[in-house]
Amino acid sequence: MSHILVKRIKGTNDIFNDELKYWYHIERIFREIARRYNYSEMRTPIFEATELFIRGVGKETDVVQKQMYTFEDRGGRSITLRPEGTAPVIRAFLENDLSTGGLPKKFYYMGPIFRYEKPQAGRMRQFHQYGVELIGSSDPVADFETIKFAIDFLNAVGLRDYELRIGSIGCGKCRKEYKSALRKYYSDKYDQLCEDCKRRFNTNILRLLDCKIDAELAKSAPETTDYLCDECAEHFKKLRIYLDSLGIDYVVDGHLVRGLDYYTRTVFEIKHSSLGAQDTLIGGGRYDGLVEELGGRPTPSVGFAGGFERLILVLKQENIKIKDLPRCQVYIATVGEKARMYGLKLAENLRLKDISVDMDLMGRNLRNQLKHANRINARYSIILGDEELAREIAIFRDMDSGEQTEVDLDWMENYIAEKIKEGD
RNA sequence: GUGACCGUAGCUCAGCAGGCAGAGCGUCUGACUGUGGAUCAGAUGGUCGUGGGUUCAAAUCCCACCGGUCACCCCA
């Protein structure tokens, strides 16, 4: 190969060959679970007005501050490649007036997400998420449904050994109280904090909770769930009752906080131990203020999102069996121009019967055609030369066993269809 | 954005007290004019990540940049 002039962008990936089976597997199962829960797909553009994310995700979040791919288009508009999936779905919900026809509205989506970060295991600049949004219900049963959806999905994909953590960060009121409690707790320990945490003490005190250096201090820090107002406490309690009665294992984490500003009340994460430092497989929660923030009427909602790439890392790590990519079923090898002509016709007829057929497109001799058939992993080959044509037969070869049979030409299509049916 | 380790053939890697760029696998061809996988023989394959510096001489030593990996940060 000559030397490549243009390489792919850092933190992006080409996905092809055997790798694709993981993607198909996840997509198929996610759609299937969505169907069972009656969620319909929402496809939004991969870029949006920058303002959407600033308002939706929050000006002060890391995502908005330093991770967005933002640029000006030729019309001078500020455009951003979507760094998350929820704000666009809510935008589409509002823009298309989808509250008409009754709430709640339930959507799922899958597609690329972009964040400018330094790539590492389980973290890419272009990565892919699947997610759901349940728009319009404040009932804890809605929180329960999205969590159960996520669990059903992971189970169906073939995973176990994941851990569900749930928490509640309350409404705006509870959060204010919690933050001041945190500040109080840390104020007399300020000198023991690491440099980063000293900075975060003022900028984003919630982040002190998952600092790796000051983990010991964080352990006995106040818990969000102890600072909930009556309504929020009741909401969280009910959610737990639903989870308990349906036998879902979870851990309550009073230190669970999330990085996007729109979350209220319920937050949850599903982690897997076989991932490295980026061990969150699915993250989600309730966002009761977002629709209003984007210009709609108050519309409490819940959702979650998960990353394809991280899930695939786990599937590989755990050696989960994934259905193989479909195999080429028949390769037609021909010798001579007349046979080739007949082969073209045969290929067409087989393809009309929904059979996958490949044939020589290189003008190779028989030996090399079979070699190629072997290389593309064809299940069967048909060998047809002028000699066979004259006798009105063709050779049917099983490429796994090497067994050959002569089959009458006018019976060949049926014979192949029969053989393929047996193989299923 | 910060830090550590790493960049040699399509892939995995060797070569690094400076002195002709190598191996295995793969690929192609032949043995085998109409039968793949196995074997054997031959061939193909490289701005040694990029640029600069030191030197008679740099894949090897030094610097910068780019890329990869992992961790921090943050999150899916």
Side-chain angles (χ1 to χ4, degrees), chain A residues 1-5 7-13 26 57 61-67 82-86 110-131 150 194-197 199-200 203-204 206-207 210-213 256-260 263 267 269-272 275-284 303-314 331 333-336 339 362 364-389 394-404:
Chain A
M1 232 358 113
S2 57
H3 123 193
I4 295 167
L5 292 175
K7 299 203 295 184
R8 70 169 182 268
I9 302 296
K10 178 177 184 155
T12 66
N13 249 138
I26 294 168
V57 177
T61 58
D62 270 40
V63 168
V64 168
Q65 291 274 307
K66 43 192 197 195
Q67 300 180 344
R82 63 175 180 210
E84 61 98 46
T86 299
M110 334 199 305
I113 302 283
F114 304 84
R115 286 185 203 163
Y116 190 89
E117 296 188 86
K118 198 151 178 177
Q120 69 186 72
R123 189 162 82 190
M124 306 290 292
R125 287 186 173 176
Q126 173 174 335
F127 61 104
H128 299 77
Q129 286 189 345
Y130 49 86
C194 71
E195 285 311 305
D196 278 331
C197 283
R199 180 178 49 77
R200 285 184 289 221
T203 59
N204 189 359
L206 294 176
R207 291 258 73 92
D210 39 32
C211 175
K212 278 158 189 145
I213 302 167
L256 185 59
V257 291
R258 315 223 71 245
L260 311 182
Y263 286 110
V267 290
E269 273 183 2
I270 300 178
K271 291 172 177 274
H272 199 284
L275 284 170
Q278 314 299 320
D279 59 354
T280 303
L281 219 40
I282 285 177
F304 73 78
F308 274 80
E309 285 83 352
R310 285 186 192 174
L311 182 50
I312 290 170
L313 286 177
V314 177
Y331 184 90
T334 60
V335 182
M362 303 287 284
R364 286 196 247 250
N365 62 29
L366 180 61
R367 173 187 153 75
N368 285 326
Q369 289 184 55
L370 283 167
K371 195 166 186 163
H372 190 247
N374 182 57
R375 237 208 285 241
I376 64 173
N377 195 27
R379 178 68 187 86
Y380 302 107
S381 285
I382 290 164
I383 299 164
L384 181 61
D386 293 338
E387 291 170 24
E388 286 80 10
L389 218 44
I395 297 166
F396 179 87
R397 182 178 177 89
D398 184 320
M399 296 298 283
D400 290 351
S401 68
E403 251 172 76
Q404 296 196 163

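Heavy atoms only: backbone and side chains are in, while hydrogens, waters and symmetry mates are out.
- Against the 90° criterion about 0, the sugar-base torsion of B:rA17 places it in the syn range.
- Residue A:Gly402 is in base contact, counting any heavy-atom pair closer than 4.0 Å across all strands shown.
- One interatomic measurement links the two molecules: CG of A:Asp62 to C1' of B:rU2, which rounds to 14 Å at whole-angstrom precision.
- Under the stacking criterion of a centre-to-centre distance below 5.5 angstrom and an interplanar angle below 30°, A:Phe308 is not stacked against the six-membered ring of B:rA76.
- At a threshold of 4.0 angstrom between heavy atoms, the contacts of A:Ala305 are confined to the sugar-phosphate backbone, with no base atom among them.
- As rounded to whole Å, 18 Å separates atom P of B:rC75 from atom OH of A:Tyr116.
- Residue whose closest nucleotide on RNA chain B sits further toward the 5' end, between A:Gly306 and A:Asn368: A:Asn368.
- Of the candidates B:rC70, B:rU35, B:rG67, the closest approach to any side-chain atom of A:Lys7 belongs to B:rG67.
- The CD1 atom of A:Ile395 sits 8 Å away from the C1' atom of B:rG34 (whole-angstrom rounding).
- Distance CD (A:Glu403) to C1' (B:rU35): 15 Å, rounded to an integer number of Å.
- Interface remark: the A:Gln404 side chain does form a donor-acceptor pair with the B:rU35 base, using a distance-only criterion of under 3.5 Å.
- When Watson-Crick and G-U wobble pairs are counted only if both distances are under 3.5 Å, B:rG1 pairs with B:rC72.
- Across A:Arg123, A:Arg310, A:Lys271, a single residue satisfies salt bridge (charged side-chain N to carboxylate O under 4.0 Å, His left out) together with A:Asp279, and that is A:Lys271.
- Between A:Asp398 and A:Tyr380 the shortest side-chain heavy-atom distance falls below 4.5 Å.
- Nucleotides B:rA14 and B:rC48 are separated by 13 Å at their C1' atoms, to the nearest Å.
- Computed from coordinates, the A:His128 NE2 to B:rA76 P distance equals 16 Å when rounded to whole Å.
- Regarding contacts with the backbone of B:rC28, a side-chain N or O of A:Arg375 is found under 4.0 angstrom from either OP1 or OP2.
- As judged by a 4.0 angstrom heavy-atom cut-off over every strand, A:Leu311 is placed among residues making no nucleic acid contact.
- When Watson-Crick and G-U wobble pairs are counted only if both distances are under 3.5 Å, B:rC16 pairs with no nucleotide at all.
- Distance alone, capped at 3.5 Å, places no donor-acceptor pair between the A:Glu84 side chain and the A:Ile113 backbone.
- In this structure B:rG24 sits in a base pair with B:rC11, meeting the Watson-Crick or G-U test at under 3.5 Å.
- Across all strands, A:Arg397 comes closer than 4.0 Å to base atoms (heavy-atom distances).
- Nucleotide B:rG67 forms a pair with B:rC6, judged by Watson-Crick or G-U wobble geometry with both contacts under 3.5 Å.
- Among the heavy atoms of the strands lying under 4.0 Å from A:Gly276 are primed sugar atoms or P, OP1, OP2 only; no base atom is included.
- Of the possible polar contacts, one joining the A:Gln369 side chain to the A:Thr334 backbone as a donor-acceptor pair under 3.5 Å is found.
- Remark: the A:Arg310 side chain and the B:rC75 base include a donor-acceptor N/O pair separated by less than 3.5 Å.
- At a cut-off of 3.5 angstrom, the base of B:rU2 holds at least one donor-acceptor pair with the side chain of A:Lys118.
- Under 3.5 Å, the side chain of A:Arg123 and the base of B:rC73 form at least one donor-acceptor pair of N or O atoms.
- If you take atom P in B:rG18 and the same atom in B:rC56, they sit 16 Å apart, rounded to whole Å.
- Comparing the P positions of B:rU8 and B:rG3 gives an interatomic distance of 24 Å, to the nearest angstrom.
- The shortest side-chain heavy-atom distance between A:Lys66 and A:Tyr116 does not fall under the 4.5 Å cut-off.
- Counting non-hydrogen atoms under 4.0 angstrom, A:Glu387 reaches a base of the nucleic acid.
- Look at B:rC61: its Watson-Crick or wobble partner, with both distances under 3.5 angstrom, is B:rG53.
- Nearest nucleotide to the side chain of A:Arg258, out of B:rA76, B:rG34, B:rC75: B:rA76.
- Across all strands shown, B:rG46 has no partner, as no Watson-Crick or G-U wobble contact with both distances under 3.5 Å is found.
- On the C1' atoms, B:rA76 is 44 Å away from B:rG36, given to the nearest whole Å.
- Nucleotides B:rU44 and B:rA23 have their P atoms positioned 12 Å apart, rounded to a whole Å.
- Comparing the P positions of B:rG68 and B:rU29 gives an interatomic distance of 35 Å, to the nearest angstrom.
- Within 4.0 Å of A:Arg115, counting heavy atoms only, lies at least one base atom of the nucleic acid.
- Scanning both residues, A:Gly259 and A:Thr61, for their nearest heavy atoms gives O-CG2, 3.3 Å.
- For the P atoms, the distance from B:rA21 to B:rU33 is 41 Å, rounded to whole Å.
- Following rounding to the nearest Å, A:Glu84 (CD) and B:rC74 (C1') show an atom-to-atom distance of 15 Å.
- Contact annotation for A:Glu388: base contact, defined as any heavy-atom pair under 4.0 Å involving a base atom.
- In this structure, CG of A:Leu256 is placed 14 Å from P of B:rC74, rounded to the nearest angstrom.
- Nucleotides B:rG7 and B:rG49 place their P atoms 9 Å apart, quoted to the nearest Å.
- Within 4.0 Å (heavy atoms only), A:Asp400 reaches at least one base atom of the nucleic acid.
- Under the 3.5 Å distance criterion, the side-chain polar atoms of A:Arg397 are left unmatched by any main-chain donor or acceptor of A:Glu403.
- Minimum atom distance to the side chain of A:Arg367 is reached by B:rU35, of the listed B:rU29, B:rA71, B:rU35.
- Base pairing of B:rU39 is made with B:rA31, judged by Watson-Crick or G-U wobble geometry with both donor-acceptor distances under 3.5 Å.
- Here the side chain of A:Arg115 pairs a donor or acceptor atom with the backbone of A:Pro83 at under 3.5 angstrom.
- The side chain of A:Asn374 lies closest to B:rG37 when the candidates are B:rU69, B:rC72, B:rG37.
- One atom, CE of A:Met399, and another, C1' of B:rU35, lie 9 Å apart when rounded to the nearest Å.
- Between A:Lys10 and A:Arg8, every side-chain heavy-atom pair lies at or beyond the 4.5 Å cut-off.
- In this structure a side-chain-to-backbone donor-acceptor pair under 3.5 Å is present from A:Asn365 to A:Asn368.
- Phosphate contact (OP1/OP2 of B:rG34, side-chain N/O of A:Asn365, threshold under 4.0 Å): present.
- A:Leu281 comes within 4.0 angstrom of the backbone, heavy atoms only, and of no base.
- Within 4.0 Å of A:Gly11, counting heavy atoms only, lie sugar-phosphate atoms of the nucleic acid but no base atom.
- At B:rA71, one or more side-chain N or O atoms of A:Gln120 fall inside 4.0 Å of OP1 or OP2 (strictly under the cut-off).
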